[in-house]
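A note on names: the letters A, B, ... follow the listed sequences, proteins ahead of strands, and every chain is numbered from 1.
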2 protein chains.
Amino acid sequence: MEAPRKAARSRTTTQDAVRDIKKYIRDNHLRTGDILPSETVLCEELGCSRSAIREAIRALVTLDIVEVRHGYGTFVSSMSLEPLINGMVFRTVLDNDTSVENMFYVVDTREILDLSLGAELIEVFTDSDRQALLDLVEKMREHNDRGEPFVAEDQAFHRTLLSRTKNPLIRELNDAFWRIQTEAQPLLNMAMPADIDQTIKAHIDIVEALSKGDAEAYRAAVLNHYAPFRRMIAGMLDEN
Amino acid sequence: MEAPRKAARSRTTTQDAVRDIKKYIRDNHLRTGDILPSETVLCEELGCSRSAIREAIRALVTLDIVEVRHGYGTFVSSMSLEPLINGMVFRTVLDNDTSVENMFYVVDTREILDLSLGAELIEVFTDSDRQALLDLVEKMREHNDRGEPFVAEDQAFHRTLLSRTKNPLIRELNDAFWRIQTEAQPLLNMAMPADIDQTIKAHIDIVEALSKGDAEAYRAAVLNHYAPFRRMIAGMLDEN
């Protein structure tokens with residue numbers, strides 16, 4: 001029992017150092033891409049031990065708050081939702097008794113986020129968006145006809161769809177939940193729904209509804225887009 | 001430049017060990033609260049060095065995937081959104097040039113999430129929810145009349161409001177963005193809006209709209225709830 005006790009002790013100090021380094025970054029107006037002082041300088045400035053600083057830097061790397069660039073130093077990172085996404089994928093698939101239900105809520109969350117953007121998307125939608133999105137759907141269909149996955153095109157579709165919306169947090173959440181679904185699905189040995197055609201077609205309906213400014217048709221198309229996943233997951237839940 | 005290079009080298013190994021421990025947890029059907037084997041056993045099972053395992057455990061603690069209980073061992077943790085929330089608060093307040101705008105998007109995200117739940121909330125709302133929520137608003141008002149904050153009551157209000165909704169991820173996101181706003185505000189020296197009365201009153205309107213099953217009134221009340229924050233933030237953006 002020695003090792004865990006040690007880890008717990010050092011963790012408190014690490015957390016203090018994490019807090020102090022974050023404060024240092026703010027107080028010195030460092031931004032994404034800016035370099036942090038060396039460990040030695042941080043030790044002096046913050047009055048922490050070298051090992052606490054080192055562990056704190058590791059924790060901040062884990063959280064994507066700083067990044068260590070091989071041979072160059074430690075920099076303020078982009079602070080992406082990457083750690084969240086990895087954690088959520090793991091949490092989604094962890095427990096066999098609940099993983100399928102968890103996937104249901106991931107899909108449901110994507111649907112809620114998409115539906116919430118209808119009015120704004122109608123306002124900002126342009127003809128060039130329409131063409132770019134329809135081109136992506138065409139590629140999805142080609143891949144699907146050849147029995148190939150179309151993950152990249154699907155992600156590009158949903159990113160392009162939201163590219164003109166004003167709230168960057170909603171765009172990030174949308175992409176995060178897309179990734180949680182996409183990464184969790186194979187871990188649960190979930191195939192694509194048999195009626196994935198309906199989802200592909202629904203992408204076109206989403207585009208045309210926005211192009212016409214038809215909020216009700218957009219809503220219906222979003223529901224159709226997720227319906228095959230809902231049905232597949234409901235089927236798996238019934239089996240258990 | 002020695003230290004960063006070392007950190008970068010060990011990080012790769014750590015990430016492998018992180019992946020392997022996560023796989024171990026899944027393959028052995030461990031769940032929240034279950035104990036992990038000792039470091040020695042993990043080293044043997046996963047073929048990693050002791051230092052890689054130790055660093056991986058630290059990374060997993062940082063991500064709230066495992067927790068080290070002093071003197072007892074390492075356990076699968078609750079995998080909360082805690083690391084996300086801390087990271088998001090930091091990211092929100094980091095850059096003076098964008099922090100006020102970031103707050104605008106945090107408030108906007110809360111509003112989008114609240115609005116998206118109207119139809120479901122109307123369906124599941126009960127008389128006892130109404131009473132519990134009105135009691136909380138009464139306490140908010142009492143605190144506010146005495147010039148005191150009412151953070152706990154406000155959080156309890158929004159948690160209670162969503163307590164009957166079916167999607168736990170949306171409940172978590174709602175609470176996460178509540179916390180991001182609440183924790184970032186003092187870091188940016190943002191006071192409460194001068195017209196916070198309107199927000200308090202809007203809580204009552206939200207309750208009564210749901211009680212009557214009036215979706216339009218719910219929508220209007222949610223907009224009123226956030227309006228004082230929107231105005232305050234817009235005023236700060238105009239100043240810059």
Inset, instruction - Look up atom OG1 in A:T62 and atom CG in B:L60, then write down how far apart they are to the nearest 0.5 Å. - result: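 Those atoms lie 8.5 Å apart.
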
Contact class of [X] relative to chain B, heavy atoms under 4.5 angstrom:
{"X": "A:N86", "value": "both"}
{"X": "A:E101", "value": "neither"}
{"X": "A:L84", "value": "side chain"}
{"X": "A:L173", "value": "side chain"}
{"X": "A:V106", "value": "both"}

Legend entry - Shortest non-hydrogen contact from A:N167 toward B:Y105: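 Result for this residue pair: ND2-O, 3.2 Å.
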
Legend entry - Exercise: identify the closest heavy-atom pair between B:F90 and A:K22: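 Minimum heavy-atom separation between B:F90 and A:K22: CE1-O, 3.3 Å.
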
Inset, instruction - Just give me the residue among B:V18, B:L187, B:L81, B:T32 that pairs up with chain A most often, heavy atom to heavy atom, under 4.5 Å. - result: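 Of the options given, most contacts go to B:L187.
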
Legend entry - Option in B:L30, B:I65, B:V93, B:D64 with maximal non-hydrogen atom pairs under 4.5 Å from chain A: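 The option with the most such pairs is B:V93.
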
Inset, instruction - May I ask you to name which of A:H29, A:M79, A:M88, A:K166 has the most heavy-atom pairs under 4.5 Å with chain B? - result: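 Heavy-atom pairs under 4.5 Å are most numerous for A:M79.
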
Inset, instruction - Output the option from A:P83, A:S38, A:G87, A:A59 having the highest count of non-hydrogen pairs under 4.5 Å with chain B. - result: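 Going by pairs under 4.5 Å, I would pick A:A59.
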
